[in-house]
**Student:** 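Let me give you the structure first, and then I'll get to my questions.
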Amino acid sequence: MAETVTPAVDDTPAPASTRRERSGWYFYDWAMSAFSTTVITVFLGPFLTTVTELAAGCELGADTCNGYVYPLGVKVAAGSYFPYLVSLSVFLTVFALPIVGAIADRSAHKKRLLAAAAFIGAGATVGMLFVTGDRYLLGGALFMVANIAFGAGVVVYNSFLPQLGGPDDRDGISSRGWALGYLGGGLLLALNLVAVSMLGEEGNHQRTLDLARWSIVSAGVWWAVFTLIPLRWLREHPTAAARAGGNPVTDGFRQLGRTLREIKAYPLTLFFLLAFLVYNDGIQTVIALASQYGTEELKLGQSTLIVTILLVQFLAFGGALLLGALAKRIGAWKTVLISLVLWTGVILGAFRLPAEAPVPFMVLGAAIGLVLGGSQALSRSMFSQLIPAGKEGEYYGFYEISDKGTSWLGPLAFGIVFQLTNSYRVGLVSLLIFFIVGFLLLLAVPIRRAIVAAGNTPPRVL
């Protein structure tokens, strides 16, 4: 029996969300954060760099490696391979993620899209079990599949946020999701820390490599298992376009084309997105390359890196809630600006860190933890206010291009500077520009006017 769809559907409020539904949404952050932390932040950089160095003819456990590999005939320094892979994966997501978002907006079954992205990404992560010896090409291919699938899952996941609460509630909802994600990622890291401490052998580099591989695999299993909770607890909130029927894939492509033509009607939304892409590029590069910097430049052991990132995770849990509370008092826009000033201090502090000194590295990690979760969670909720109704998936597709480990300019700059100077410290300094320019761009956004221009109601405090 056909339903009558009235023209006012887009203006009616979304059905009220339940605590169970919001908890299910939070749990996808718990599930996927294992990939962000255990894989991207801690293990994959050193693991894949070591595999690449073996392919370049370097000895396992060598202090330095000046060798090269030749993927597809291109000469690449072994130490630059992983940063270049991050950049390549994001180049591909530039095309993929807005399409995923457009399809999500036209689909009445967003949970199925979430499941597909999560299980493909988790499967590719588990596939790292077969990256042995010098199979750096296999490792690179699996990483790109997992990273793109990860981004696709986050696009669909984020598109639920505007349907879970009103303008005054989203900062808190987003912050609680990030906080639970850091707690889940930290718990898996704690388990991996116990495994590395109990099973590792001093000087046995092959054992260290094997433990890193299994830790990566554990993140894929964690991601897949805990994704079952949001798939059960979340509810579908189809848009008017989805309820109108049609093929979500072909209609999604057509909708994306219309959005790309019409997006110039929301210049302030674009301006905010530009600011976010710049400063978040810096944040994601720090996250993605921190363990490589600690291993290769500061000569710190794997256990030190895991303890530090574990410290970051648990402090980020509290930091996300703390900055969320601050945003409730002074507004998300001002709170994110403050966090970017703190990020600039983090980069300057990291540049001056002495080699083979675990304690200063851990102190800096604690500082990162306090600003990391809040700056990301509040950016996500701010952006939700700037999206025209019914196009959440598409706009979060653009947003996700530079979110959660998918930045490309930062790793590209880091990799090029390293290849030119052979210095990780100089490469790190190149990231300052992202935080400074991002701060200035965000400062120039008239956030209340931007929300109204998108057709939305501003929260009481900005």
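Note that the structure is a prediction, hence the values are computed from the model and not measured. For the single chain, residues carry numbers from 1 onward in sequence order.
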**Student:** Would a 4.5 Å heavy-atom cut-off, applied to side chains only, mark N280 and F434 as touching?
**Tutor:** no

**Student:** Got D171 and K328 here, is their nearest side-chain heavy-atom distance under 4.5 Å?
**Tutor:**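 No. Closest side-chain heavy atoms not under 4.5 Å.
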
**Student:** Is it the case that the side chain of T304 and the backbone of L300 share a donor-acceptor pair, with hydrogens and angles ignored and the cut-off at 3.5 Å?
**Tutor:**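 Checking the backbone N and O of L300 against the side chain of T304, no donor-acceptor pair under 3.5 Å is found.
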
**Student:** Show the numbers, then the answer: is there a side-chain contact (heavy atoms from CB on, under 4.5 Å) between S218 and N192?
**Tutor:** CA-CA 9 Å; S218 74; N192 284 323; 3.5 Å; yes

**Student:** Could you check whether any side-chain heavy atom of L44 comes within less than 4.5 Å of a side-chain heavy atom of I216, counting everything from C-beta outward?
**Tutor:** yes

**Student:** Which atom pair, heavy atoms only, marks the closest approach of A275 to L442?
**Tutor:** CB-N, 3.5 Å

**Student:** Is it the case that the side chain of S197 and the backbone of V194 share a donor-acceptor pair, with hydrogens and angles ignored and the cut-off at 3.5 Å?
**Tutor:**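 Looks like no, no N/O pair under 3.5 Å.
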
**Student:** Could you walk me through whether Y395 and F383 pass the side-chain contact (heavy atoms from CB on, under 4.5 Å) test, one step at a time?
**Tutor:** CA-CA 9 Å; Y395 276 73; F383 189 65; 3.9 Å; yes

**Student:** Are the side chains of N147 and F35 in touch, meaning some heavy atoms are under 4.5 Å apart?
**Tutor:**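 Yes, close enough: below the 4.5 Å cut-off.
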
**Student:** Salt-bridged, R207 to D210, with N to O below 4.0 Å?
**Tutor:**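 Salt bridge flag = no for D210 with R207.
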
**Student:** Starting at CZ of F150, measure out to CG of L97 and round the result to the nearest 0.5 Å.
**Tutor:** 11.0 Å

**Student:** Looking only at heavy atoms, which two atoms of S375 and L323 are closest? And how far apart?
**Tutor:** N-CD1, 4.0 Å

**Student:** Between E21 and R235, is there a side-chain N and carboxylate O pair less than 4.0 Å apart?
**Tutor:** yes

**Student:** Could you tell me the separation between the CG atom of L189 and the OG1 atom of T308, rounded to the nearest 0.5 Å?
**Tutor:**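 It comes to 11.0 Å.
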
**Student:** Can you tell me how far CG of L441 sits from CG of L273, rounded to the nearest 0.5 angstrom?
**Tutor:**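 Here the rounded value is 11.5 Å.
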
**Student:** I need the minimum non-hydrogen distance between L364 and L353, along with the two atoms involved.
**Tutor:** CD2-CD1, 3.7 Å

**Student:** Could you pull out the closest heavy-atom pair between F351 and V429, with the gap in Å?
**Tutor:** CD1-CG2, 3.2 Å

**Student:** What is the distance from atom CE of M382 to atom CZ of F272, rounded to the nearest 0.5 Å?
**Tutor:** 4.0 Å

**Student:** Do side-chain atoms of T421 reach the backbone of V417 as a donor and acceptor pair under 3.5 angstrom?
**Tutor:**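 A pair under 3.5 Å: yes.
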
**Student:** Checking S33 side chain against S36 main chain: does a donor-acceptor pair fall under 3.5 Å?
**Tutor:**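 It does not hold such a pair.
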
**Student:** Output, in order, the C-alpha distance, side-chain angles, deciding distance and verdict of side-chain contact (heavy atoms from CB on, under 4.5 Å) for M144 and L88.
**Tutor:** CA-CA 8 Å; M144 285 196 291; L88 179 58; 3.4 Å; yes

**Student:** OG1/T38 to CG/L188 distance, rounded to the nearest 0.5 angstrom?
**Tutor:**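 Spacing of OG1 (T38) from CG (L188) equals 4.0 Å.
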
**Student:** May I have the step-by-step check of side-chain contact (heavy atoms from CB on, under 4.5 Å) for I330 and L326, ending in yes or no?
**Tutor:** CA-CA 6 Å; I330 69 172; L326 180 62; 3.8 Å; yes

**Student:** Taking C-beta and beyond as the side chain, do V76 and Y68 meet within less than 4.5 Å on heavy atoms?
**Tutor:**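 They are not in contact (no side-chain heavy atoms under 4.5 Å apart), so the answer is no.
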
**Student:** Judged by atom type as modelled, is there a donor-acceptor pair below 3.5 Å linking the side chain of W343 to the main-chain atoms of I338?
**Tutor:**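 It does not hold such a pair.
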
**Student:** With a 4.5 Å heavy-atom cut-off, do Q313 and T37 have their side chains touching?
**Tutor:**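 Heavy-atom side-chain distance check passes, below 4.5 Å.
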
**Student:** Give me the atom names and distance for the closest heavy-atom approach of E392 to P162.
**Tutor:**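 Answer, listing the atom of E392 first, then P162: CG-CG, 3.5 Å.
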
**Student:** Could you tell me if the side chain of Y424 sits less than 4.5 Å from the side chain of F418, heavy atoms only?
**Tutor:** yes

**Student:** Any donor-acceptor pair under 3.5 Å linking the side chain of S339 with the backbone of V336?
**Tutor:** yes

**Student:** Do we see a donor-acceptor contact under 3.5 Å between the side chains of S379 and Y399?
**Tutor:**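 No, because no side-chain N or O of S379 sits under 3.5 Å from a partner of the opposite role on Y399.
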
**Student:** Using every non-hydrogen atom in the two residues, find where A96 and I148 come nearest and quote the distance to one decimal.
**Tutor:** CB-CG2, 4.5 Å

**Student:** Is there a side-chain contact between W25 and Q163 in this structure, where contact means two heavy atoms from C-beta onward sitting under 4.5 Å apart?
**Tutor:**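 Sidechains of Q163 and W25: no contact.
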
**Student:** Using a 3.5 Å distance criterion without hydrogens, assess whether the side chain of S381 forms a donor-acceptor pair with backbone atoms of L378.
**Tutor:**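 Yes: the side chain of S381 pairs with the backbone of L378.
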
**Student:** For the atom pair OH (Y136) and OG1 (T50), what is the distance rounded to the nearest 0.5 Å?
**Tutor:**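 Reported value, rounded in 0.5 Å steps: 15.0 Å.
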
**Student:** In a table with atom names and distances, give each donor-acceptor pair under 3.5 Å that connects a side chain of residues 109-130 to protein atoms at least two apart or in another chain.
**Tutor:**
residue, atom, partner, partner atom, Å
K110, NZ, S159, OG, 3.0
K111, NZ, L231, O, 2.9
K111, NZ, L234, O, 2.9
T125, OG1, G121, O, 2.8

**Student:** Name the one of W233, F160, F226, Y157 that satisfies ring-ring contact (aromatic ring centres under 6.0 Å, His included) with Y28?
**Tutor:**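 Exactly one candidate clears the test, Y157.
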
**Student:** Less than 6.0 angstrom from the centroid, inside 45 degrees of the normal: does K75 satisfy that with respect to the ring of Y70?
**Tutor:**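 Verdict for Y70: no cation-pi partner in K75.
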
**Student:** Would you confirm whether R380, through its side chain, and S174, through its main-chain N or O, come within 3.5 Å as a donor-acceptor pair?
**Tutor:**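 Looks like yes, one N/O pair under 3.5 Å.
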
**Student:** Does atom CD of E59 have more than 12 heavy-atom neighbours, drawn from other residues, nucleotides or ligands, at distances under 6.0 Å?
**Tutor:**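 No, the 6.0 Å shell around CD holds no more than 12 heavy atoms from other groups.
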
**Student:** Could you point out which residue of Y81, Y84, F82 forms a ring-ring contact (aromatic ring centres under 6.0 Å, His included) with F143?
**Tutor:** F82

**Student:** Can any side-chain N or O of D29 pair as donor or acceptor with the backbone N or O of L180 at less than 3.5 Å?
**Tutor:**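 Flag not set: sc D29 to bb L180 has no pair under 3.5 Å.
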
**Student:** Is a side-chain donor or acceptor of W30 paired with a backbone partner of W223 at a separation under 3.5 angstrom?
**Tutor:**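 It does not hold such a pair.
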
